[in-house]
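Structure in structure tokens, see below.
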2 protein chains.
Amino acid sequence: MKSSLEYIHGYHQRENERLQDQAGTLVHLLHSDTGYPPGSTVLEAGCGVGAQTVTLARRSPAARFTSIDVSAESVAEARRRTEEAGLTNVRFQQADIFALPFEPESFDHVFVCFVLEHLRVPVEALRILNRLLRPGGSMTVIEGDHGSTYFHPDSSAAHRAIECQVDLQKRAGGNALIGRQVYPLMVEAGLDAVRVSPRMVYVDSSKPLLADGFTRKTFTAMIEGVREAAIEAGLSDAAAFDAGIRDLYRTAGTDGVFCYTFFKGVGEKGTGGPLAMTPPCHRRGDVAHRARADDPRPTSSALPQQGSS
Amino acid sequence: MKSSLEYIHGYHQRENERLQDQAGTLVHLLHSDTGYPPGSTVLEAGCGVGAQTVTLARRSPAARFTSIDVSAESVAEARRRTEEAGLTNVRFQQADIFALPFEPESFDHVFVCFVLEHLRVPVEALRILNRLLRPGGSMTVIEGDHGSTYFHPDSSAAHRAIECQVDLQKRAGGNALIGRQVYPLMVEAGLDAVRVSPRMVYVDSSKPLLADGFTRKTFTAMIEGVREAAIEAGLSDAAAFDAGIRDLYRTAGTDGVFCYTFFKGVGEKGTGGPLAMTPPCHRRGDVAHRARADDPRPTSSALPQQGSS
């Protein structure tokens, strides 16, 4: 939830609180399987106000984190929060992903969360970050996907309100539907052994804390946050937008259901062979693009192919 | 994938093969956590051609299954398949869910898979099946949800082709978006301690067998199967439909991604108190409808409520 380009959610206090709520509710779902060894160095690219930084640094207390964000204001807030949490293993720096002040192969691991959705050329950001990794290092990417949103009772007004957010993010150069692309983006950026797992948030009324923490205070609050921008851009009128928001809140009610999915990808430092810069459509075979021309090792992805149609 | 009403997929050989493929690919995801104790009696309501029956009966060899379907032809095929598999713990019967020849409280467990999607009044079917359960018995419900479908590359033509299937199923009295409603339907039907878990099928090109078995041969083949019906009903022209199908197959390609989610609910035999027939919207509180007026026990769903908005 930060960017090196336009940031459509804005830097307001309410947004700040929303990010805190979201981080709290989703910590286990998104981060429980991320931990870094003692002494390893980790670049968190796009730390925003530190919503993930505190979790990361706490879960790997003997790893050394470098957390950067393009916004000096966000970096200051993130620093305040990690200090408040008593963490001493994070150093902060204001920096743009596309102009990073680090040497190639200077980190053991890279962590990127809710960042690619805001970038015009996300694959280029991943390529840049991949170059900063030491051979054998890992990259972790987490993104949401607003197209994964569905609910009961269904509502076309609610879908249109969500579409306003998607359209605004697109106009700002981002992509709110990027979660489903984490795998192809990481592969195209040259990462090896990429594995993506979806993290679905499923909420029904047996989970009132999640209905409140996620459906109401995270997702619907985020969509509600673009109300003025959507109306100003002519994407919706006030009545239609408000009806959509009402219907979204309704899905957190007694018989309501709400679904949203995040995608988490983990890959290894690529070898940077000549095929790494080739678009996937120019490569042969279903998975053959992951066997580099200059890499004689068989890859784990060389599974038998079933008859393709 | 069977019905006591119109069955839009048809009873063709290809459809039969599709169901076999689907059952094979999805067995672990959908059924690995379903097992019945020795000696217990299980009603499989709507067994179709037995795609799930073989799995169920094999996984619980000492349980006794009664599998019914409204189609005598399907029942015959299901019987043939269980016999071929050497299973002796299943008896079959042609019967309609809405006119079942069984006494109240005559089964320990009920299993319903891909059936509610075809019914005009699914909650009534669940009420009927609930009455057949002994107190303390369990009901398991599994349904897909076509609204959970999204993919890369995204394609409005593909979404419109899927929408044809959804519309046709709606015209036939069914609901292809019912997966998300499993929780509220089970609660409304009077089941207790309902827990629903989503089972998401996520396919990228690191999983070529799943791309072939699910994206191509299960989902896209199913949508392709309504081509003539969709054109005849004026929901699409041939060129538009075929473009959508091409784009769906495309998502199983090198850089493609495909997502679909099933929902599995498990509940316990309800006490049948006076609130069991009350629509959820007339009940008080977020989860209070699961505490019956005639049931003094605290329910496990009596979680603290956060401030609702």
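Small disclaimer: the values here were computed from a predicted structure and weren't measured. Chain naming here is simple, since letters A, B, ... match the order of the sequence lines and numbering starts at 1 in each.
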Would Thr261(A) and Met200(B) satisfy side chain to side chain contact (heavy atoms under 4.5 Å, CB included), going step by step from the backbone distance to the final call?
CA-CA 10 Å; Thr261(A) 300; Met200(B) 183 171 171; 3.9 Å; yes
Is it the backbone or the side chain of Phe258(B) that comes under 4.5 Å from a heavy atom of chain A, or both, or neither?
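Neither part.
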For the atom pair CZ (Arg180(A)) and NE2 (His152(B)), what is the distance rounded to the nearest 0.5 Å?
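Between atom CZ of Arg180(A) and atom NE2 of His152(B) there are 9.0 Å.
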Do you know which two heavy atoms are closest between Ser205(B) and Tyr183(A), and how far apart they sit?
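What the structure gives for the nearest pair is OG-CE2, 3.4 Å.
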Determine whether Ser197(B) and Tyr202(A) satisfy the following criterion, side chain to side chain contact (heavy atoms under 4.5 Å, CB included), listing intermediate values before the conclusion.
CA-CA 8 Å; Ser197(B) 56; Tyr202(A) 166 78; over 6 Å; no
Distance-minimising heavy-atom pair for Gly147(B) and Tyr150(A)
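Smallest heavy-atom distance, with atoms named: O-CD2, 3.8 Å.
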Which atoms of Leu177(B) are under 4.5 Å from chain A, going by heavy atoms: the side chain, the backbone, both sets, or neither?
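For Leu177(B), side-chain heavy atoms alone lie under 4.5 Å from chain A.
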CG-CZ distance between Asp204(B) and Arg195(A), expressed to the nearest 0.5 angstrom:
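Separation between the atoms: 7.5 Å.
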Any side-chain heavy atom of Pro184(A) within less than 4.5 Å of one from Val257(B)?
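Yes - at least one pair of side-chain heavy atoms lies under 4.5 Å apart.
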Quick one: pull up OG1 in Thr254(B) and CD in Glu188(A) and give me the separation to the nearest 0.5 Å.
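That separation rounds to 12.0 Å.
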